[in-house]
Each structure stands twice: as C-alpha cells, then as structure tokens.
Amino acid sequence: MLRARWRASRFAPLLTAVIALPLLAPAAAAESAGSPQRPVFADGQAQPVFDSGDVVRENLWVRAPVDSDRDGADDEVHVRVVRPAETEQGVQVPVVYTASPYFAGGNDVQNHDVDVELYVPRAEMTSRYEDYLLSRGFAVVYAESLGTGASTGCPTTGGENETIGATSVVDWLNGRASARTGDGDRVQADWTTGRTAMMGVSYNGTLPNAVASTGVDGLETIVPIAAISEWYDYYRENGAVVAPGGFQGEDADVLAEYVYTREDREICRPVIDELAREQDRITGDDSEFWQRRSYRDDAADVEASVLAVHGLADWNVTFSQTARWYEALAEHGVERKIWLHQAAHTDPYGVRKEEWLRTLNRWFSHYLYDVDNGIDTEPRATIQREDESWHDEADWPAAGADDAELHLRPGGDGVGGLSPDGMARGRPVTESLTDDASKTVEQLADAGASPHRLRYTTGALASPMRLSGTPSVDLRLSFDRPAANVTGVLVDRGHDGTSHVITRGWADPQNRHDRASTRPVRPGQSYRLSFDLQPQDYVLDAGHRLEFVVLSSDHDFTLRPRPGAGVAVDVKHSSVTVPIVGTGGAVRPVAGAGG
C-alpha cells in the first residue's frame, strides 16, 4: 500500500502514542493534567481537542537548490508555520501544507502590458481550513512561491524552479533542507513527524501536483482542487492558442507578471521576457517549453495518494486537467479518489461543507496518522448531479460508459440531423460556415439559422441519457484561407428550446497530425481533423435533444481573427462520438433525417 508505513525510529514515539490513545471526549481529554494534549480519533476522524487559538506562529525562509533569479545565490522560500502549542512540549504532528504564488496578492496588470502600478502585498497568510485543522492535531504550513511576496527567485508559471521551491519545504519538514529565521538563525522542524499533505485551489492546487510528480519522500497525500496537471492544455489546445474562461488574452507571461510581487521589481525581468518569447503565441505548437510544464509525464513517479477535486462547470481550469491527471494516476496504480461537483472554479467547502470536511478529515487522518478508517477502500468517485444530489460510484468515468458514434445529417445551416444509424447514404453533402469571432457560442447555438455555425441534433431522447467521459469529433473539412480556428460544441436542448452548453473543444487544422507541429493548410483541399472535447459527466433529461455545433472561432476562448474565414464540412464523412452510460437506445435520429 502506497505510503502506508511509519518511517524509522523518528516516528516510533508518535506511533506508540497514537496506538495507546484512548478515545477521549474533548472535555475528558482536557482533564488529563500534567501532560500535553495529544490527537484523539473517533469514527475514523481526528477530533477537535486542541485550542486553535493557542498556537505557535513562525516566519522563516527555506533554502531551495535553484537560482532562478540568477543572482548567484540559491533561492529562498518564505514560509509561515502555524502549529499547536503542544508541539513545544514534545508532541509531534503532521502537516497540511499550501504553496501559493497568491499570498502577496497580485499586480494590477493588463494582458501583455507591463507598464503597471504595483499592488500592495497582503501581509496575512491563512486559509478557511486553518482553525479546523489546528484543533484536530494538524500543523498548517504556508509558503510563498518563488518570486512572490517575501520569497526570492522568479515566477515562471509552472516552471521547474517553482516545483523545486515548493518541494524544498517538504524536504525541510523532513530534515533534508535548511531554513533560517529573519535574524538568520538556523531553524529545524523538530516538532513534526514529517508526514505532509499538500492542498489548495487553482494555482495553489497545481503546485501539489507538481511536487507529487517528483516523488519526494514525506509527501504522503495531496488534495489538488481545480488544479492544472499540464500547462499546455491551460493556454493551448490541439495547436490552437486558447485562454482560460474569463481571461481572454492571458498567457504564461501575463500570469508570471501578475504574481511577481517580490520587492525587487527588476531582477526577474529577463526571466519573464524569456517566457514571453518561448511560450509562442504565434503557432500554438507544443514545445520543450510546455513539456517542462507537464506533470502528467511524471505520473509514474507519484507516490502520494491523491484526492482530486473539480467543478463540472469550471471553464477557467477545464475539467480535462483533472480527468487526464486522474487517468494517468490510474495507469500507474496511484491510490486516488475523485470528487466532482456542479460549481465552477472553487472547492466543495461552499457546496457540501459538512460532508466535504468529513471526507477531508478522514483522508488526512488515514494518510497522515495511519487511522484505519476504510476511506482507501470506499468507492473512488463522489459526483454531484444536476439536481444537486450526491452519488458515490466505483470510479470515474462511470462503469459501463461506451462510445456512441453519431453521424451528421444535412441541414446544418438551420438544424441538421445527428444520427446513431451510421454514415448517411448517397452522395457527399458539403455545408459551409463563415467565421465571426464577435458571436459567442451561446448566441450561435441558439440561432434558428446562421451563416456562422452548423448545428445538428438528435431527436427527442426516449429516456434520460448520461454522458461520462471524453467526447470526440472526427470532421472532414476544407478552408478558403490558409489558417482558421475550429470549435466543436455539445449542447443540451430542452423541451422549450432553451439550451445549455455541455462541453466544447478547439483545434488548429494546421496541427491536424501533431499538436507540436504546424503544417500548412491549402485552401480548397479537404482535411481530416479529429480532436477531443473537454471531458464531462452530464445527464440529459428525457425529451431533450443532444446537439452538435461546429463553428470556427470561439469568442470566449480562442484567438479572434477578423471575420470572413470560410469553413466547409463534408457532412457524410463527419461525426461526433459521445461516451454514454448504459445503452444508446435513448438516442433517436431526427424524423426524416436518417437514411
């Protein structure tokens, strides 16, 4: 079992204490005069027996073996430790650690504009979980990522130096790295068992993925929430330059500029300028720059257990980041669990607070204190459905999800058909659209007819239909220009004609063979373009219709070229494949559009 062992003699005293520990109520525990409070567990969970107001707070700097600001000295990570006062009396506790580039706030930047006023850094490093964890016998550690706040070094948007900086704190907690106080005194983490968890949301959840991918000893578990597992897929998609939802124009250099909050405002300028050059907003190709920022490539090195959390409505960090990470972890036998909720870019605290805290407590109690509470043998997937009900399932994607290939039928300038009955008979039919990036996906999907998109629909569903997994499209296309975006969208069309975007995806036809290689597109020539849409888990109600919409530029995500690029679709040789749970019998062809 991964990481389910106590390390040598250093941890023996704590192990003895935990095994011998009576299950005391908080009041009874407080009556044990003459000895410090120790952790108490009941029902597989750590109990709130410590006073979260009686703590030791320390600010220190951990040395990281990297010189990302090129000043000739190793970078230093600013760390804040918050631990129960009992750790001053010999009680050793594990750690829940959050590394972040955001603790000092951010600069007031405009995308690709560096002539900005500085943001005044915030002084406090804390989280909503601090009191909860401290009262239950966990220390809390925060670290400012390199180039941010009081840390030295430079921000590089997922670069190796950021991973090294965050990993150095785990090393310090396990006696393998040095640290100093503000006065220069050497400080050791003799108050901890060394057993460490990392957790956080967004960038703060991405750094746990990065650190886990190193296989560092002492990192027992991570809880990445709405986290990135590969930076290419955050700012690019199948060769297309894309943006996270709501942040059009952002890229790796802009994010680095935003979090660059250390006092020295010039030392990292060459580093950020290099980011701007190397990220390549021209071709959108994958490259060594992006490959250095892929944690999935190192999933085989992960030894920490992983509780991966994502919102199914998150279009900032898309669900593919967690779905593909989870798949890579499964391939290498990593202990894991996945939580999927209906909210957007957030954690489940405000979605299902009590059950979420219970799960988090049991997870940390098991992996940091070795409490045998069974969480490692329970169903791996917890999913919130559209009606806000919650369900536990064996794993994700759902068991029994099979790919159903749906073929296009003519009429897409209005509403064409989408049929499970195979390729249409007869001669090929070509339908065309003209790019207009000023129109949103929602506007185009709801238009009864439009020259700027092609729309295809099933008949009304005979019964509810669940999609669970990663849809894909296989299109035969031609273009009247040597460059164009291609966007595919799945839509849920209700009884009353209202619509909901289920998922979408993007591709550059110049990267039709390889996301790392641009090849010319010749106007008028036909090309096959196949790509995945974003993963999803979604239920369409009976009577609704599943629709597929093809357009060129996506106003909210892709680059926005001038209107006018023409895209032609060979309807007969184009299809969309959706992962359906159970049978595909709910899908009916549109009346008169089969054949």
Side-chain angles (χ1 to χ4, degrees), residues 25-26 39-53 55 82 84 93-98 100 102-103 124-142 197-206 208 221-227 305-317 319 321-322 326 336-369 371 373-376 378-393 396 537:
V40 173
F41 299 89
D43 193 27
Q45 301 178 64
Q47 301 299 300
V49 297
F50 293 88
D51 181 355
S52 62
V55 297
V82 188
V93 296
V95 169
V96 178
Y97 160 39
T98 297
S100 175
Y102 296 135
F103 286 132
E124 192 67 16
M125 298 166 70
T126 187
S127 82
R128 61 172 35 149
Y129 298 97
E130 183 175 297
D131 286 350
Y132 181 88
L133 292 167
L134 288 169
S135 68
R136 287 161 173 81
F138 302 94
V140 180
V141 168
Y142 309 99
M198 292 186 72
M199 70 176 293
V201 180
S202 194
Y203 210 145
N204 304 358
T206 300
T221 191
I222 62 171
V223 185
I225 305 169
S305 62
V306 180
L307 172 55
V309 182
H310 216 103
L312 293 170
D314 190 349
W315 286 100
N316 179 343
V317 175
F319 179 36
Q321 294 286 346
T322 289
Y326 190 74
R336 66 202 182 279
K337 183 174 175 64
I338 190 168
W339 258 63
L340 302 176
H341 57 83
Q342 289 293 322
H345 194 58
T346 187
D347 70 3
Y349 190 91
V351 179
R352 197 187 186 190
K353 179 180 176 180
E354 295 304 320
E355 181 59 24
W356 168 240
L357 290 177
R358 177 177 177 272
T359 297
L360 199 62
N361 188 327
R362 294 177 68 231
W363 191 265
F364 287 156
S365 293
H366 177 71
Y367 287 105
L368 297 181
Y369 274 115
V371 174
N373 54 23
I375 197 167
D376 56 325
E378 294 174 353
R380 286 198 176 107
T382 297
I383 304 173
Q384 185 185 34
R385 291 262 55 96
E386 291 75 9
D387 63 1
E388 299 189 357
S389 62
W390 291 85
H391 303 269
D392 289 330
E393 298 189 358
W396 193 89
D537 199 295

- Note on the structure: The reported gap from CD1 in Ile338 to CD in Glu393 (rounded to nearest 0.5 angstrom) is 11.0 Å
- Query: Can you name the closest pair of heavy atoms from Pro208 and Asn204 and give their distance?
  - Reply: CD-O, 2.9 Å
- Query: Counting only N and O atoms by type, is there a donor-acceptor contact under 3.5 Å from the side chain of His310 to the main-chain atoms of Gln321?
  - Reply: no
- Query: What residue among Val201, Val306, Thr359, Leu360 forms side chain to side chain contact (heavy atoms under 4.5 Å, CB included) with Val223?
  - Reply: Leu360
- Query: Yes or no on side chain to side chain contact (heavy atoms under 4.5 Å, CB included) for Asp347 and Tyr129, after CA distance, side-chain angles and deciding distance?
  - Reply: CA-CA 12 Å; Asp347 70 3; Tyr129 298 97; 2.5 Å; yes
- Looking only at non-hydrogen atoms, find the nearest pair between Pro84 and Phe50 and report the distance. CB-CD2, 4.0 Å
- Minimum heavy-atom distance Asn361-Ala46, with the two atoms named: OD1-N, 2.8 Å
- Side chain proximity check, Gln342 to Glu386, heavy atoms < 4.5 angstrom: yes
- Check each of Leu368, Val141, Leu134 against Val96 using the side chain to side chain contact (heavy atoms under 4.5 Å, CB included) test, and report the only one that passes. Leu368
- Message: Looking at every heavy atom in both Ala313 and Ala344, which two are closest together, and how far apart are they?
- Response: O-CB, 3.5 Å
- Determine, stepwise, if the pair Arg352 / Trp339 fulfils side chain to side chain contact (heavy atoms under 4.5 Å, CB included). CA-CA 11 Å; Arg352 197 187 186 190; Trp339 258 63; 4.1 Å; yes
- Item | Pair Val82-Glu130, side chain to side chain contact (heavy atoms under 4.5 Å, CB included): steps then yes or no | CA-CA 9 Å; Val82 188; Glu130 183 175 297; 4.0 Å; yes
- Can you name the closest pair of heavy atoms from Thr322 and Ala308 and give their distance? CG2-CB, 3.9 Å
- So, Lys337 side chain and Pro379 main chain: donor-acceptor pair closer than 3.5 Å or not? yes
- Query: Do the charged groups of Arg385 and Asp537 touch, with an N to O distance under 4.0 Å?
  - Reply: yes
- Task: Using the six-membered ring wherever Trp is involved, compare the ring planes of Tyr142 and Phe103 and label them parallel, tilted or perpendicular (cut-offs 30° and 60°).
- Result: perpendicular
- Message: Is it the case that the side chains of Thr221 and Ser305 hold a donor-acceptor pair, with the cut-off being a distance below 3.5 Å and no angle test?
- Response: yes
- Message: What's the separation between atom CG in Asp131 and atom CG in Asp51, rounded to the nearest 0.5 Å?
- Response: 9.5 Å
- Message: Tell me if the centroids of the rings in Tyr132 and Trp356 come within less than 6.0 Å of each other.
- Response: no
- Give, for atom CD1 of Ile225 and atom NE2 of His345, the distance between the pair rounded to the nearest 0.5 Å. 10.5 Å
- Message: Which heavy atom of Glu378 sits nearest to which heavy atom of Arg362, and what is that distance?
- Response: OE2-NH2, 2.6 Å
- Query: Does the ring centre of Phe138 sit less than 6.0 Å away from the ring centre of Tyr369?
  - Reply: yes
- Message: If you define the side chain from C-beta out and look only at heavy atoms, does anything of Met199 sit under 4.5 Å from Thr98?
- Response: yes
- Side-chain donor or acceptor of Gln47 paired with backbone N/O of Gln45 under 3.5 Å: yes
- If you round to the nearest 0.5 Å, how far is CG of Asn373 from NE2 of His366? 6.5 Å
- OG1-CH2 distance between Thr382 and Trp396, expressed to the nearest 0.5 angstrom: 14.0 Å
- Query: Is there a side chain to side chain contact (heavy atoms under 4.5 Å, CB included) between Leu312 and Phe319 once you walk through the steps?
  - Reply: CA-CA 7 Å; Leu312 293 170; Phe319 179 36; 4.0 Å; yes
